[in-house]
Amino acid sequence: MLERLTLLSFRVFLCVWLPLLAMALAYGAWRSSSVMGFILWTAIGFAVWFPTEYLLHRFLFHLQARYVAVQSLVYLLHGNHHEQPNHPLRNLMPLSVTIPLAGIIWGVGVFMLGSGRGGSLAAGFFGGYVFYDVIHYSCHQFPMRGPLLRRLKIHHINHHYRDHHTNYGITSTFIDRTFHTLLVIQQKKS
């Protein structure tokens with residue numbers, strides 16, 4: 001029964017997250033004391049997403065737990081994606097996880113920083129998350145042409161098919177280089 005909650009189509013993802021993102025941005029802009037404040041706090045939230053993406057992928061989604069209940073939760077969150085990496089309904093984080101977390105993140109941001117700053121920070125963070133999941137889905141489902149997109153796709157596909165203990169960054173290879181988790185492939189000399 002829980003396994004069904006892990007499936008999400010790209011269309012449903014966009015239909016849920018694009019309006020949520022638009023509402024969060026509108027709220028942050030409306031409650032901010034200035035345009036520059038809104039831009040600054042939204043940019044900070046967006047930037048905070050990227051190390052969060054890396055840390056979640058590396059330490060939570062690939063957690064080696066001793067307890068069966070924790071192993072099952074990790075499997076539902078991410079392990080099933082590694083078993084079926086190209087399944088189109090397993091390439092996005094389930095709404096059963098992201099919507100409650102978004103509510104918590106938004107609430108904590110507003111409580112700690114006020115509605116303008118906290119709302120803008122949360123909106124930027126959500127923007128980073130949506131960017132991440134679109135890139136992740138695209139890595140598995142679309143050709144991704146162009147030098148940057150192709151490099152991101154190869155980087156992520158190597159995580160799945162060469163060494164799942166490397167290349168944790170989805171939207172950037174820089175973070176794996178920084179934390180020494182970048183898969184280095186030796187070129188054969190001819």
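Positions are given from 1, in the same order as the sequence printed here. Everything quoted here is computed from the prediction, not taken from an experiment.
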Discussion item. Quick one about His165 and His62 (side-chain donor to acceptor, distance below 3.5 Å, no hydrogens or angles considered), yes or no?
Written reply: no
Discussion item. Are Ile105 and Leu21 connected into the same hydrophobic cluster when the rule is that any two of I, L, V, M, F, W, Y join if their side-chain heavy atoms are below 4.5 Å apart?
Written reply: yes
Worksheet item: Should the ring pair Phe50 and Phe131 be called parallel, tilted or perpendicular, given that the plane angle runs from 0 to 90° and is split at 30 and 60?
Response: perpendicular
Fill in: Value rounded to 0.5 Å, distance of CG in Leu8 from OH in Tyr137
9.5 Å
Item to complete: In sequence, state the C-alpha distance, the side-chain angles, and the governing distance for His156 and His160, and then conclude on side chain to side chain donor-acceptor pair (under 3.5 Å).
Response: CA-CA 7 Å; His156 184 61; His160 278 279; 3.1 Å; yes
Worksheet item: Does Ser32 reach the main-chain N or O of Val35 with its side chain, forming a donor-acceptor pair under 3.5 Å?
Response: no
Worksheet item: Would you call the rings of Phe179 and Tyr54 parallel, tilted or perpendicular, where under 30° means parallel and over 60° means perpendicular?
Response: parallel
Item to complete: Would you check if the distance from the ring center of His87 to the ring center of His140 is below 6.0 Å?
Response: no
Fill in: Between CG on residue Asn167 and NE2 on residue His159, distance to nearest 0.5 Å
8.0 Å
Discussion item. Any side-chain to backbone donor/acceptor pair from Asn158 onto Ile154? Under 3.5 Å, distance only.
Written reply: yes
Worksheet entry | Distance-only donor-acceptor check, side chains Asn91 and Gln141, under 3.5 Å | yes
Discussion item. With no hydrogens and no angle check, just 3.5 Å: does a side-chain donor-acceptor pair link Thr181 and Thr166?
Written reply: no
Worksheet entry | Test item: side-chain donor near acceptor, Tyr168 and Glu53, under 3.5 Å | no
